[in-house]
Structure formats: C-alpha cells, structure tokens
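The structure under discussion appears below in the form of structure tokens.
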Amino acid sequence: MKIASWNVNSLSVRIEQVIGWLKNTSVDVLCLQELKMESSKFPAQLFHELGYQAIWSGQKTYNGVAIISKTPLTVEQYNNPYYADAQQRLIAANIQINDQTIRLICVYCPNGSELGSDKFTYKMQWFDALNVYLKEQLNTYPNLVLTGDFNIAPDDRDVHAKYQGDILVSPEERQQFSNLLALGLHDSFRLFEQEEKSFSWWDYRQFAFKRNAGLRIDHLLISNALTKKCTASSIDKAPRGNERPSDHTPVIVTLDMTA
DNA sequence: ATGGCGGGCGGAGCCCGA
C-alpha cells in the first residue's frame with residue numbers, strides 16, 4: 001500500500017491537480033496540508049467520486065489538514081489533545097489493512113518565521129507537545145505513520161547551500177526532529193539509497209525549481225514495526241513542474257502489509 | 001541588506017509562507 005503527503009498551498013487553487021494526481025498514482029492514502037479553506041468548503045464529494053473517504057480540519061486563510069483514504073478512517077483526532085491550538089495543524093485517524101491497524105498522523109508544523117521570534121517560540125512549544133502526543137500514540141499503535149510538512153530540513157543533505165544555518169535548519173529545530181526519531185520513528189526516505197540533492201519544496205522565486213535550489217522538509221516517519229514492511233520511499237517531483245504548482249511536491253512511502 | 005513569487009483577502013496593497 002502507498003501513503004502520500006502533499007502540502008498543496010490552497011486546496012481550492014490546487015484541487016484539479018490533486019484529483020489528477022490521485023487518478024495517476026492511485027495511492028491508498030493522501031495526507032494534505034495548507035488547505036487554506038474553511039471546513040464547510042472542503043470538496044469531499046470530488047474525493048468520494050474517486051472512491052476515497054476524507055476527514056478534514058480547515059480554517060479561513062491559513063493552515064488546514066486532511067486525510068484522504070480508500071478504506072474507512074476511524075478513531076479520528078482533530079488537533080493535538082496536549083496542545084490548545086486555534087491553528088488547524090494536526091489530524092489523525094486509523095485505517096485497517098489485512099487485519100492490521102495503522103495509525104496515521106498528518107501534520108502541518110509551524111514555519112517559525114525567524115530564529116528568536118514569537119513564531120519560533122510557538123514552533124518549539126508546538127513540537128514539544130507533538131512529542132508528548134507521539135509518545136502516547138506509539139504506546140497505543142505499534143504501526144504508526146507521522147507525515148506532513150515538518151518545516152525542518154533534518155540534515156545538511158536536505159538543504160540547498162543557500163539555506164545553511166537559517167530557519168528550518170537551525171540546531172534547535174533539528175533537535176526537535178531528532179526528539180521524534182528518539183521515540184522510535186524513522187525517516188523512511190533515508191531507509192533507501194536516494195539521489196543527492198533530493199528536495200520536497202522549492203521557492204517560487206528566482207527559478208528555484210529549475211535550479212533545484214530547494215529543501216527536504218516534507219517527511220514520512222514510520223514506527224519501528226513498519227520499517228520491516230517498508231519497501232520504498234520517494235519524492236514525486238512531477239507536480240512541481242505543473243502550471244500554477246504548489247511550492248511543495250508529494251512524498252510517498254510504500255508498505256507491504258502482507259509481510 | 002532587500003526583495004524576489006504566489007495565495008488570501010478584498011477589491012489596493014499588505015500579510016504570510018519557507
């Protein structure tokens with residue numbers, strides 16, 4: 001089965017691209033971030049017509065997350081129960097596959113703006129609370145996928161030279177990423193040989209995509225139990241070359257749940 | 001050092017993202 005994540009930077013602008021991508025890839029699960037859409041406007045019917053169910057949590061102008069799945073979504077969670085947050089940045093649910101439960105947690109992590117800012121403090125507190133939630137969730141669900149836009153490039157390999165030492169790559173942010181791995185999560189992308197300079201986001205400005213001046217900030221973290229079932233993890237760069245693209249492109253993990 | 005592009009909001013120009 002394939003599980004994907006895509007920060008679409010406005011679902012209303014990107015809906016045709018998302019539907020087209022689902023038709024082409026037929027992933028089992030797609031986690032979306034940055035809907036920038038009120039919940040009442042979520043186009044659930046368009047996903048139903050393709051055979052997908054959906055749960056979502058939106059708000060006007062900013063943030064917003066959703067999970068689209070071919071199989072039923074249960075035990076839904078909207079927002080982190082350990083963090084009172086008006087910003088819609090976390091949604092979670094279970095899927096059943098071959099009599100096994102997989103816990104899916106979809107996140108749009110804060111950007112942080114700049115080091116030392118109030119938004120950076122919010123980012124750190126948000127990740128502290130995410131860590132508490134994940135510790136609890138991993139105790140309950142051995143098969144767990146934490147995916148989304150982390151707004152952290154975990155390693156120098158994940159960074160175009162220009163961004164060295166700045167927001168998204170600071171030691172404090174990378175420590176937050178390490179803290180999640182320390183709970184028993186793995187960066188699925190790094191379980192496999194990958195091309196150098198593999199990124200998931202490129203600035204709209206200065207032909208950054210054409211120059212491959214990007215960052216790898218969208219991730220699929222999988223629990224210990226799932227590493228044995230993980231057969232691939234990749235980035236699909238194609239949608240970033242679309243007309244009017246999102247600045248992020250989808251990331252995909254493949255799990256063999258018969259193994 | 002600054003702004004650069006694109007989306008939302010609102011109906012011009014600013015805030016925000018990464």
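Quick caveat: nothing in here was measured; it's all calculated off a predicted structure. Within every chain, numbering begins at 1; the chains are lettered A, B, ... in the order of the sequence lines, protein sequences first and strands thereafter.
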Using a side-chain heavy atom cutoff under 4.5 Å and only I, L, V, M, F, W and Y, what cluster partners does A:Phe209 have?
-> A:Phe199, A:Trp202
Check ring-ring contact (aromatic ring centres under 6.0 Å, His included) between A:Tyr141 and all other residues, then give those that pass, not counting sequence neighbours.
-> none
With A:Trp126 as reference, evaluate A:Asn131, A:Thr121, A:Asp85 under the side-chain hydrogen bond (donor to acceptor under 3.5 Å, both in side chains) test and give the passing residue.
-> A:Asp85
In whole angstrom, give me the gap between the C1' atoms of B:dG10 and B:dC14.
-> 11 Å
With sequence neighbours excluded, give me every salt bridge (Lys or Arg N to Asp or Glu O under 4.0 Å) pair touching residues 166-178 of chain A.
-> A:Lys123-A:Glu173, A:Asp156-A:Arg174
What integer number of Å spans the C1' atoms of B:dG4 and B:dA18?
-> 13 Å
Could you give the distance separating B:dG6 and B:dT2 at their P atoms, to the nearest angstrom?
-> 23 Å
Listed by chain and number, what are the ring-ring contact (aromatic ring centres under 6.0 Å, His included) partners of A:Tyr52, not counting sequence neighbours?
-> none
C1' atom, B:dG17 versus B:dG3: distance in rounded Å?
-> 14 Å
What string of B, S and - do you get for nucleotides 7-18 of chain B 5' to 3' if you count protein non-hydrogen atoms under 4.0 Å?
-> SSS------SSB
Kindly state each residue pair satisfying salt bridge (Lys or Arg N to Asp or Glu O under 4.0 Å) with at least one member in residues 183-192 of chain A, sequence neighbours excluded.
-> A:Asp158-A:Arg190, A:Asp187-A:Arg216
